[in-house]
Number of protein chains: 2
Amino acid sequence: MKLSTKGRYGVMAMVNLALYDHEGQVALKQIAEHEGISESYLEQLIAKLRKAGLVQSIRGAQGGYKLAKSPNEISVGEILNALEGILAPVQCGDNVNCCHNSSCKVKPVWEKIHTAVNDVVFSIYLSDLIKE
Amino acid sequence: MKLSTKGRYGVMAMVNLALYDHEGQVALKQIAEHEGISESYLEQLIAKLRKAGLVQSIRGAQGGYKLAKSPNEISVGEILNALEGILAPVQCGDNVNCCHNSSCKVKPVWEKIHTAVNDVVFSIYLSDLIKE
DNA sequence: TTATACTTGACAATTTTAGTCGGAAATGGT
DNA sequence: ACCATTTCCGACTAAAATTGTCAAGTATAA
């Protein structure tokens, strides 16, 4: 039940972008330095965020990244989903052995956890995190 | 944010034990067969559950395992904690890089997730899962 | 005393994580 | 036109965690 650095770094980077949103685009190098993350690694992560439509890139010299939407339109849930995939603790039903004799008595537990996590992350927006 | 098989198998095994609680101890082999889990692997998991005081072992021929407490005294949270450790998505503060320039603006997010997950798992007891 | 079952510890294949690296393409400034 | 800067893309890799397997030993009931 741990979050990988993908999700953690991703949210950190997005908060960073939100903080400097008014200044136009920010170079990846800046973010990497600000947050103490490897630039090469962050590249992979931000590529996913771009494909998910959360950030916008400006190529070339003096280029960089900026939020694709307003901070109050980007939830932490979107960020985490883009980087970590579905946040369910167990994906029952695939080829995952989750119910034999216990005949899926446990499935509702995983669903409740999933719902609880989603309720939290999709109700927190970047704008909530950068205020004060 | 996935649960490993440790936690999943552990809860399944405990539900199994709860189902057959009235029949006295159940052999590990039975549980492994019922749930489709490797017996050798389950051995490791149930050892942790025993050390956490959740199951009780009866050695010798016709031996096996049984719940150490009543099903309504054992929560899913206890089981998961015994097998997966703390369920926090991020453990900020260690040597984990979680806040630099974003100066821990994200920390409350991880805490809320942790709280939400705990609220769920510590409010569900084995007795809830085996009824009906 | 023997079969059953728990206990321990070492080992190992596979997958995931957490990056690294090199180069190509785009763009603004000189 | 050139050059420094920066994004973009794909392949590669070391380390760690996961998910087991296996062998040998210990305890106990029948």
Side-chain angles (χ1 to χ4, degrees), chain A residues 1-13 17 20 24-52 54-68 80 83-86 89-91 94-98, chain B residues 1-10 12-13 17 24-33 35-52 54-66 68 80 83-86 89-91 94-98:
Chain A
M1 284 296 288
K2 293 280 173 286
L3 212 54
S4 72
T5 55
K6 288 197 197 76
R8 199 165 79 240
Y9 289 173
V11 174
M12 286 163 66
L17 281 180
Y20 298 102
Q25 67 272 19
V26 181
L28 204 60
K29 194 176 182 179
Q30 304 296 318
I31 305 175
E33 282 176 3
H34 282 161
E35 302 294 344
I37 303 174
S38 149
E39 186 183 344
S40 313
Y41 187 40
L42 194 53
E43 237 175 44
Q44 295 178 19
L45 308 185
I46 207 143
K48 289 191 178 186
L49 295 173
R50 187 175 52 83
K51 283 166 191 159
L54 299 178
V55 302
Q56 184 185 342
S57 68
I58 292 99
R59 303 187 63 162
Q62 316 307 319
Y65 292 93
K66 55 186 295 190
L67 298 182
L80 292 179
L83 294 165
E84 302 261 344
I86 298 294
V90 172
Q91 270 158 317
D94 311 5
N95 52 355
V96 173
N97 166 16
C98 89
Chain B
M1 282 296 288
K2 294 278 173 286
L3 212 55
S4 73
T5 55
K6 289 197 196 77
R8 198 164 80 241
Y9 289 173
M12 288 163 64
L17 282 179
Q25 66 273 19
V26 182
L28 202 61
K29 194 176 184 178
Q30 305 295 317
I31 305 176
E33 283 176 2
E35 302 293 345
I37 303 173
S38 148
E39 186 184 342
S40 313
Y41 189 38
L42 193 53
E43 244 174 39
Q44 297 177 20
L45 309 185
I46 207 145
K48 288 190 179 186
L49 295 173
R50 187 177 55 81
K51 283 166 190 160
L54 299 178
V55 302
Q56 181 185 343
S57 68
I58 293 99
R59 308 186 64 156
Q62 315 307 319
Y65 290 94
K66 56 185 297 191
L80 292 179
L83 293 165
E84 304 259 345
I86 298 294
V90 172
Q91 271 160 314
D94 309 5
N95 51 354
V96 173
N97 166 14
C98 87

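In what follows, chains are A, B, ... by sequence order, proteins preceding strands, each numbered from 1.
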Handout entry: Residue pair Lys2(A), Met1(B): steps toward the side chain to side chain contact (heavy atoms under 4.5 Å, CB included) verdict
Key = CA-CA 5 Å; Lys2(A) 293 280 173 286; Met1(B) 282 296 288; over 6 Å; no
Exercise for the section: Name the nucleic acid region contacted by Leu28(B), choosing base, sugar-phosphate or nothing; use a 4.0 angstrom heavy-atom cut-off, strictly under. Expected result: sugar-phosphate
Handout entry: Nucleotide range of DNA chain D lying under 4.0 Å from chain B heavy atoms
Key = dT18(D) to dA29(D)
Can you tabulate the close N/O pairs, meaning under 3.5 Å, that link protein atoms to atoms of nucleotides 18-22 of chain C?
| residue | atom | partner | partner atom | Å |
| --- | --- | --- | --- | --- |
| dA18(C) | OP2 | Thr5(A) | N | 2.9 |
| dA18(C) | OP2 | Thr5(A) | OG1 | 2.8 |
| dA18(C) | O5' | Thr5(A) | OG1 | 3.3 |
| dG19(C) | OP2 | Tyr9(A) | OH | 3.2 |
| dG19(C) | N7 | Gln44(A) | NE2 | 3.2 |
| dG19(C) | O6 | Gln44(A) | NE2 | 3.4 |
| dT20(C) | OP2 | Ser38(A) | OG | 2.6 |
| dT20(C) | O4 | Gln44(A) | NE2 | 2.7 |

Handout entry: Whether Gln56(B) side chain and Gln25(B) backbone form a donor-acceptor pair below 3.5 Å
Key = no
Practice task
Using a 4.0 Å heavy-atom cut-off across all strands, classify Ile46(A) as base, sugar-phosphate, or nothing.
Solution key: nothing
Practice task
Test Val26(A) against every option in Leu67(A), Ile58(A), Leu17(A) by the side chain to side chain contact (heavy atoms under 4.5 Å, CB included) rule and name the one that passes.
Solution key: Leu17(A)
Problem - Interatomic distance where CG belongs to Leu45(B) and C1' belongs to dG9(C) [whole Å] - result: 16 Å
Practice task
Could you tell me whether a side-chain N or O of Glu84(B) sits under 3.5 Å from a main-chain N or O of Ser4(B), the two making a donor and an acceptor?
Solution key: yes
Practice task
Take the protein atom NZ of Lys2(B) and the nucleotide atom C1' of dT15(C), then report the distance between them rounded to whole Å.
Solution key: 15 Å
Handout entry: Between dA3(C) (P) and Gln62(B) (CD): distance, integer Å
Key = 14 Å
Handout entry: Spacing of Tyr65(B) atom OH relative to dA5(C) atom P, expressed in whole Å
Key = 12 Å
Problem - Along DNA chain C (nearest heavy atom to each residue), the more 5'-positioned of Glu84(A) and Arg59(B) - result: Arg59(B)
Practice task
Applying side chain to side chain contact (heavy atoms under 4.5 Å, CB included), name anything that partners Ser38(B), two or more places apart in sequence or on another chain.
Solution key: Ser40(B), Tyr41(B)
Handout entry: Close side-chain approach of Ile37(A) and Leu45(A), heavy atoms under 4.5 Å
Key = no
Handout entry: Exercise: identify the closest heavy-atom pair between Leu83(B) and Lys6(B)
Key = CD1-O, 3.4 Å
Completion exercise
Heavy-atom closest pair (Leu28(A) atom, Glu39(A) atom, distance to 0.1 Å) is CD2-O, 4.0 Å
